[in-house]
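Worksheet: the structure to be examined is printed underneath.
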4 protein chains.
Amino acid sequence: MTGRPRDPAVDEAIRRAAVDLTEQHGYRGLSMEGIAALSGVSKQTVYRRYRSKGEVVLDALAGYAFTHLPTPDTGSLRGDLTALLTATFAGQQGVNGTLNRALAAEAVQDQAFAALLWEKLIAVRRESVRELLARGRARGEVAHPDDEFLLDLVYGPMWYRLLFDPAALTPAYAAELARSVALVAAGTRP
Amino acid sequence: MTGRPRDPAVDEAIRRAAVDLTEQHGYRGLSMEGIAALSGVSKQTVYRRYRSKGEVVLDALAGYAFTHLPTPDTGSLRGDLTALLTATFAGQQGVNGTLNRALAAEAVQDQAFAALLWEKLIAVRRESVRELLARGRARGEVAHPDDEFLLDLVYGPMWYRLLFDPAALTPAYAAELARSVALVAAGTRP
Amino acid sequence: MTGRPRDPAVDEAIRRAAVDLTEQHGYRGLSMEGIAALSGVSKQTVYRRYRSKGEVVLDALAGYAFTHLPTPDTGSLRGDLTALLTATFAGQQGVNGTLNRALAAEAVQDQAFAALLWEKLIAVRRESVRELLARGRARGEVAHPDDEFLLDLVYGPMWYRLLFDPAALTPAYAAELARSVALVAAGTRP
Amino acid sequence: MTGRPRDPAVDEAIRRAAVDLTEQHGYRGLSMEGIAALSGVSKQTVYRRYRSKGEVVLDALAGYAFTHLPTPDTGSLRGDLTALLTATFAGQQGVNGTLNRALAAEAVQDQAFAALLWEKLIAVRRESVRELLARGRARGEVAHPDDEFLLDLVYGPMWYRLLFDPAALTPAYAAELARSVALVAAGTRP
DNA sequence: ATATAATCGAGACGGTACGTCCCGTCTTGCA
DNA sequence: TGCAAGACGGGACGTACCGTCTCGATTATAT
């Protein structure tokens with residue numbers, strides 16, 4: 001009934017191969033076939049764990065960073081946001097950016113995967129900011145009643161630029177975005 | 001030097017087939033092969049015009065709407081933005097939304113295509129809003145010096161939701177977004 | 001190291017389809033695509049076994065007849081040759097003739113394939129006649145020292161007519177050819 | 001009624017291109033498309049003159065050699081045949097051999113082309129040998145009643161080796177073949 | 001001199017096959 | 001049961017030629 005247990009080294013090899021291949025040939029050039037070949041694993045073994053290359057990448061990325069982003073208390077919402085966004089933007093350069101965009105591509109065409117992505121990655125990031133907003137609200141800096149909208153204002157421009165011009169995600173951009181969000185948060189809904 | 005001229009009816013048939021197939025089977029189910037088959041055209045003929053299904057869809061979409069979006073003068077930046085965004089969001093439902101998301105997916109994985117998309121579609125939309133901002137600036141409603149940032153604030157949340165949750169793009173969302181952008185525009189960069 | 005073994009039924013289906021298609025549409029109308037389609041097999045599976053339609057046909061033909069042609073001992077070289085050539089010529093009518101000519105056409109344009117054809121088919125047939133010659137030599141009927149030349153004399157005219165006028169390969173032609181070869185074999189090289 | 005006359009330079013360019021391409025890439029690599037491209041002529045212009053690449057090559061070859069092969073009177077059939085075959089075999093090396101084999105490949109799969117080839121090339125060569133036989137018959141060297149069969153005996157082995165092993169067509173081979181044919185020609189049909 | 005008519009280059013067009021890649025599933029034998 | 005190996009049906013890829021077609025520009029003869 002129990003049989004031979006799954007080899008954890010195999011899990012690691014698969015994720016590793018997926019990341020490496022994406023780095024070298026882009027997400028376009030990534031395939032289940034290629035992952036199996038590079039990791040020295042049979043296709044069956046890959047399919048036993050993941051249903052698509054998207055899931056592999058998502059798993060690889062979820063175990064990486066972003067889960068433990070800094071949410072330092074700088075004393076002001078604007079300061080907190082600036083710190084968080086600067087760190088987040090920095091984390092979107094290089095392979096991480098490529099992988100993130102790849103996941104977006106996948107989500108856009110697959111409702112089920114979108115839900116998975118939201119839960120595993122997007123929601124986690126939103127939660128971080130939600131904490132900042134709560135803290136700001138306690139301080140009296142946040143009058144705007146709709147957290148969800150404010151979160152969109154934070155992450156919308158990031159994804160927009162991540163899609164079309166990742167290099168634009170500079171510390172200066174982070175600062176300006178933080179300032180704007182803080183401004184909107186301070187206002188009330190009319 | 002001259003040669004037989006390209007048949008415009010063929011152009012039309014190709015774009016038509018691409019849109020129809022996407023509508024029926026999703027962008028996933030769209031293929032150069034399928035486009036050729038449905039339009040009654042040889043593959044070669046499709047490849048003569050477009051290098052990928054993404055380019056077909058982009059061309060089909062670029063010739064559609066959005067190029068002549070309404071930019072009515074309501075007397076205030078907030079009003080103008082509300083009108084434009086409401087119309088834009090409405091245009092993102094149904095096939096148009098699917099096609100737009102497909103283009104995003106494509107751009108995300110292909111830098112060259114991203115540039116093409118920006119030029120043919122994104123830039124055009126940004127231009128519309130830039131006009132609104134100029135008008136607002138003339139009225140004294142815009143103190144923020146960076147148009148580009150304000151444009152990101154307008155379109156960022158739209159793409160964010162377009163990627164992960166298209167249904168959220170309601171008229172109410174448009175109104176709230178317009179209000180926030182107008183608020184930020186009114187402020188100066190410190 | 002092992003992997004799933006190849007299905008022998010697939011081998012059979014492929015060869016079968018190749019022969020059937022050639023019979024119906026000629027070798028011109030035969031294609032790897034068509035073979036795959038008719039045999040209900042994927043193209044990949046065909047290509048896994050054969051590199052060209054020529055190889056398929058060759059394999060189909062090699063497994064057929066000719067490998068075990070009759071070499072009855074009639075008591076004389078001339079009689080033996082007559083029997084063998086009559087049977088061989090008879091086997092060259094219908095599909096077999098078409099397939100044989102097709103192989104010739106292929107060999108003519110591809111040195112590597114020519115070598116393969118020689119090894120799998122031509123050499124086998126030559127071996128049959130070589131046995132006849134050896135028998136004749138034992139009987140004192142063969143004085144000519146060069147077996148290879150005599151073999152060319154036997155099969156040369158057959159291929160010549162097979163190429164340009166297959167209908168000429170009658171029993172009478174076989175008898176006359178046998179007589180001539182026996183005559184040359186009896187003489188010595190001066 | 002008359003219109004613009006065909007440019008003879010174009011004819012020449014087409015044949016030239018066909019021969020060059022076959023020499024470089026083999027008959028396999030020859031195509032109507034390629035001929036047009038290399039000769040700097042439109043496809044239409046090629047098709048106006050020839051229906052297939054086979055016809056181009058045939059025309060190119062027919063205008064070359066073989067039409068005026070030497071038929072010197074050496075005083076004996078065996079001598080005459082040796083001279084003719086030695087010259088013929090020599091002419092089958094290099095490009096000429098390739099082109100000849102190409103024509104055979106074409107003929108084998110196209111009855112109409114086979115007839116054309118026979119008429120334009122094969123029959124001419126047979127006629128040369130027929131003259132030799134007539135001369136021998138006058139001298140009393142030929143008792144065999146069937147010229148056609150003797151011709152097959154002459155050219156059969158040549159084509160056989162041309163197909164499978166062109167290098168075998170040496171002067172020694174020519175001499176041995178001439179000797180054998182002369183021997184058979186001297187005998188009577190029983 | 002001016003139709004008339006065929007030739008020529010360029011290149012679009014519907015079509016067929018090519019040979020390759022990857023999909024997701026399966027079968028085998030070993031651990 | 002996990003796992004490497006690899007066969008399998010399926011579908012799309014992008015390319016090469018096929019033979020036909022439509023252009024505009026020439027070059028002849030026949031009015």
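A, B, ... follow the sequence lines: proteins, then strands. Residue 1 opens every chain.
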Between atom [atom1] in [X] and atom [atom2] in [N], what is the gap in whole Å?
X       : N      : atom1 : atom2 : value
B:Arg6  : E:dA10 : CZ    : C1'   : 13 Å
D:Glu55 : F:dG19 : CD    : P     : 11 Å
D:Ile14 : E:dT7  : CD1   : C1'   : 12 Å
B:Asp7  : E:dG14 : CG    : C1'   : 12 Å
D:Lys53 : F:dG19 : NZ    : P     : 10 Å
C:Leu38 : F:dG9  : CG    : P     : 13 Å
D:Tyr50 : F:dG19 : OH    : P     : 16 Å

F:dG9 phosphate, OP1 or OP2, under 4.0 Å from C:Thr45 side-chain N/O: yes
A:Arg48 side chain near F:dA4 phosphate (N/O to OP1/OP2, under 4.0 Å): no
Checking F:dT15, F:dA4, E:dA10 against the side chain of A:Ser42 (C-beta onward), the nearest is F:dA4
Starting at the 5' end of DNA chain E and moving along, which residue's nearest nucleotide shows up first, D:Pro8 or B:Ser39? D:Pro8
Using heavy-atom distances to pick each residue's nearest nucleotide on DNA chain E, tell me which of B:Asp11 and D:Val10 is more 5'. D:Val10
Using a heavy-atom cut-off of 4.0 Å across all strands, would you classify B:Arg51 as base, sugar-phosphate, or nothing? nothing
Indicate yes or no for a side-chain donor-acceptor contact from C:Glu55 to the backbone of C:Arg51 under 3.5 Å, with no hydrogens or angles considered. yes
Using modelled atom types only, decide if a donor and an acceptor are shared between the side chain of A:Ser39 and the backbone of A:Ile35 within a distance under 3.5 Å. yes
Contact check, residues 29-37 of chain A vs DNA chain E, heavy-atom distance under 4.0 Å, returns A:Ser31, A:Met32, A:Glu33
Determine, stepwise, if the pair A:Asp110 / B:Arg28 fulfils side-chain contact (heavy atoms from CB on, under 4.5 Å). CA-CA 9 Å; A:Asp110 182 346; B:Arg28 271 271 158 85; 4.2 Å; yes
For [X] against [Y], the heavy-atom pair lying closest together:
X        : Y        : answer
C:Leu30  : C:Ala18  : CD1-O, 3.7 Å
B:Ala104 : B:Leu117 : N-CD2, 4.4 Å
D:Ile14  : D:Thr45  : CD1-O, 4.4 Å

Begin with the C-alpha distance, continue with both residues' side-chain angles, and end with the deciding distance and a verdict on side-chain contact (heavy atoms from CB on, under 4.5 Å) for A:Glu106 and A:Lys53. CA-CA 9 Å; A:Glu106 212 64 59; A:Lys53 63 177 186 173; 4.2 Å; yes
Any chance you could measure A:Asp11, atom CG, to A:Tyr50, atom OH, to the nearest 0.5 Å? 5.5 Å
Test side-chain contact (heavy atoms from CB on, under 4.5 Å) applied to A:Leu103 and A:Leu116, A:Ile122, A:Val108, A:Leu58, the passing residue: A:Leu58
For nucleotides 26-31 of chain E, just jot down a letter per nucleotide in 5' to 3' order: B, S or -, based on protein non-hydrogen atoms under 4.0 Å. BBBS-B
